[in-house]
Structure formats: C-alpha cells, structure tokens
Amino acid sequence: MTTDSKPSMHIDPYERGWIIATIILLIVFAAAITVAGFAMGIQVPAPAGRVNPQTVAQEGQFATPGLRELAPGKYEAYILAQIWRFDPSEITVPAGSEVMFYVTSKDVQHSFSIDGTNVNMQIVPGQISRLGHRFDTPGEYRIVCAEYCGSGHAAMYGKVIVTP
Ligand code: CUA
C-alpha cells in the first residue's frame, strides 16, 4: 500500500492526445492569422461608411466614380455597382501601385471580386465596402460580380489593367 499523499488526476491517454492536439491547432491558427495580417498584408473587407442608395449616383464621391491618385503609386478607386455593370468597368494603374477600392451599389446586392487577388467583397446597397490591393505584376485582372444579382449577372464584369 502506498503512502503517497500527492493528489493525482487520471486523464485517459486518448483524451490527453486530443487536448494536446487542440492546443497545437489553436497555436497554429493564431500564428496563421498573425502571419497573414502582418507579414502578408491580407486584410478583410471593412465597411467604410454609409450612403443613400437613392442619391449615391448624384452626390458625393460616387457621383463621379473612378480612380483618384493620392500620391505616386497610391490610388483610391470609387466604383459604383449597379445592374449590371461596374462604373467604371476598367481602371489602369502602373505596376507596383497600391489601390484602395471603395465600392457601393445603387440597387441590389452585388459583389466585387478581382481574380488572382485577395479582393473579394460583398457590395450591399447603402454601405461602402473597402479593401486594398498592391498590384506588383503587370497584366489584366478580371473583376467579376460573384453574387447572383439578376438576369444580367453573368455579364457584370470589368478589369484592372496593370501596365509595366
Ligand atoms: Cu452584380 Cu451579380
């Protein structure tokens, strides 16, 4: 008979394995988010304000949508989504440019997704969606509406042209 008075907790080896696996996964996920956010610059779309969908095409930044150059290589693009096009549907920037996209809709829900980039956001009438991207590689990047928005949905696309 043992006289050891130390309390001991029995954990089933199977359970212990899953506790350890869970802790490792949490550390991996936290590291992945940290690397994506700080080292790779990946952002999530952020609501950047509200607008009145009825008047958005007549007043404010979206009355004259398009590209604005803030500084060399730094741009803002105001894009108005509507059935069934993006206005403007084409923007051209030199390689190495950082573009912050501000997109809203004046009618129904659309989306704004740029092939080959992290830019993919829901476009909700009344809300401005914002997401930035740095275009390092010259070429044509297709913009598509990835949210079914009616009979012309498949024809709703545009492009970003990145010149060398
Ligand atoms: Cu706009 Cu689909």
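First listed ligand is number 1; within each ligand, the first listed atom is number 1. A quick note: this is a predicted structure, and the numbers were derived from the prediction, not measured.
Residue His153: no N/O/S atom is found under 2.8 Å from atom 1 (Cu) of ligand 1. In summary, Met156 places an N/O/S atom under 2.8 Å from atom 1 (Cu) of ligand 1, meeting the contact criterion.
Looking at His110 and atom 1 (Cu) of ligand 1 together, the shortest N, O or S contact belongs to ND1. Glu147 contributes atom O as its closest N/O/S atom to atom 2 (Cu) of ligand 1.
For Cys149 atom SG and Cys145 atom SG, the angle they make at atom 1 (Cu) of ligand 1 is roughly 120°, to 10 degrees.
Salt bridge Glu98/Arg134: present, at least one basic N to carboxylate O contact under 4.0 Å.
The backbone N or O of Ala146 lies less than 3.5 Å from no partner atom in the side chain of Ser113, so there is not a single donor-acceptor pair. Judged by distance alone, with hydrogens and angles left aside, the side-chain atoms of Ser129 form a donor-acceptor pair with the main-chain N or O of Gln122 at under 3.5 Å.
Between His110 and Phe112, the gap from one ring centroid to the other reaches at least 6.0 Å.
None of Asp12, Ile19, Ile20 except one satisfies the side-chain contact (heavy atoms from CB on, under 4.5 Å) rule with Arg16; the exception is Ile20.
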